[in-house]
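Throughout, protein chains are lettered first and strands after them, A, B, ... in sequence-line order, and every chain is numbered starting at 1. All figures in this text were calculated on a predicted structure; none of them were measured in a lab.
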Number of protein chains: 2
Amino acid sequence: MDKKSPIKFTLTERDESVTISKWVYETLRHAVMNGQILPGRALTIRELAGILGVSPMPVREALRQLATENALEIKDNRRVMVPNMTAMKFTELCEARMALESHAASRALPYIDSPKLKGLRELDRLIDAAQEEGNLERINLLNQDFHRALYTANPHQISMPLIESLWLQLGPFLSLASRHLKEHYVVDRHDEAMRAIENKDALALQLAINADIREGIAFVSTPERLHHFIEECAYAGRN
Amino acid sequence: MDKKSPIKFTLTERDESVTISKWVYETLRHAVMNGQILPGRALTIRELAGILGVSPMPVREALRQLATENALEIKDNRRVMVPNMTAMKFTELCEARMALESHAASRALPYIDSPKLKGLRELDRLIDAAQEEGNLERINLLNQDFHRALYTANPHQISMPLIESLWLQLGPFLSLASRHLKEHYVVDRHDEAMRAIENKDALALQLAINADIREGIAFVSTPERLHHFIEECAYAGRN
DNA sequence: TGAGTGTATTTGTGATCACGAAAGTAGTAG
DNA sequence: CTACTACTTTCGTGATCACAAATACACTCA
């Protein structure tokens, strides 16, 4: 039995046509983005390799890749862990999200044709359904899909990887924070965004996206709560 | 003798205290950002390992890391190369730079105290000196230093890695374009930025940064020239 | 001369091993 | 009970090897 809290994350079956490296990378990436690995928890190559049933090699590469997008942190000890959150870092990440995503949304707007609009409406509908059944994990996944679908409507878009880096950095903390919260104020500014898209109103779209981001993380945004969750977060990764 | 054009890039001496992986990564990253490796050129692990005098292992990791920040591209063939530029991609990169960097600048503004201001002035002075002697490579390096010093004045800043990813993607093309240009319209909006900083005027600073970025790459911004350089660029990487 | 074909070479991938450094453990002295 | 030390284990790093896929090359046939 491990003295450390065991690591658990979603294991998707590997498609034979994809390299082991890529599969490991995407599995770990998904785990981090959806907060399945707690901040502060030390990750070792051999342990992950054992869980995933592969040799240490692909895991090494995946950890390094995740570190370069700041999803993981390689400390001086050469230990790899999910970074801890600070109040200021949290603020900066949210502000960066608003700046980048509102920009990406407005640059995608001209490319949203009727089928793409339909796809967004469908995602919006699925989110509403998931909210009724209170499936928080599903809501988060669908919310990501909605934003991703919007931004990647621009075929020349280059900012999605940057945005995902921010999602990766926020994921573990937001997951932990929402886990310790009884009531979830799930805000849905997507209707507002949809209207802006239909009207081809870039400014209104930017405002809707900013509101969606700001309110989507507002449940921790009061200074006291933020501080509380950061403490909580630091404790969770204690061992 | 190689049939392919040989790869040449700056080789800094390795500090023994730093891991080989890190040294290789930073060496290759510097080479890409400053356009020492042409777009379209196929990079092989063993070739780079030979040049750097290390085993293939650290090179593999470095190439993967650079690929995750979109500095390199791993094609379906599993071949690694510097991505080719397109007109739309170029536009998107520039727009993203303006959105991200003006944001980073305004969020750094409150943290710029007197010693940091002095440091920025010194960099500005060095840039002027480099301009007089027409040392284009030195101008570019110092210009990067100026922007980096400005944005990282914010101790909680998290957008510098994202910004550098954009620099990495623009580097090879800008280098190639400027290399094929007789006259260089080196613009210097730094004075304007410095005044905005002194006045603690966030909006003016954002405008100055945007102008600096826009004009710094304006020498290729006419559609015909852009198209011309893209052709040139594609040809350079032919073999 | 040019397109197709077989072989030889080179490539990325992934596993394994050796080594030094870091962390964990037990024992001892204060 | 606490602080220090010696020992054991575990870890990341980097080199090497085996293998399959992709590429390059020489050759043949139209």
* Asked: Does one side chain, of B:Y25 or B:E61, offer a donor that lies under 3.5 Å from an acceptor on the other?
  -> no
* To do: State whether the number of non-hydrogen atoms from other residues, nucleotides or ligands found under 6.0 Å of A:E122 atom CD is greater than 12.
  => yes
* Asked: Using a distance-only test with no angle check, is there a side-chain donor-acceptor pair under 3.5 angstrom linking A:T68 and B:Q65?
  -> no
* What is the distance from atom CD of A:Q144 to atom CD1 of A:I139, rounded to the nearest 0.5 Å? -> 12.5 Å
* To do: Determine, for nucleotides 9-19 of chain C in 5'-to-3' order, which nucleotides have protein heavy atoms under 4.0 Å from the base (write B), from only the sugar-phosphate (write S), or from neither (write -).
  => --BBBBBB---
* To do: Could you tell me whether B:R41 and B:E47 have a side-chain N and a carboxylate O separated by less than 4.0 Å?
  => yes
* Could you state the atom-to-atom distance from CE of A:M81 to P of C:dA23 in whole Å? => 13 Å
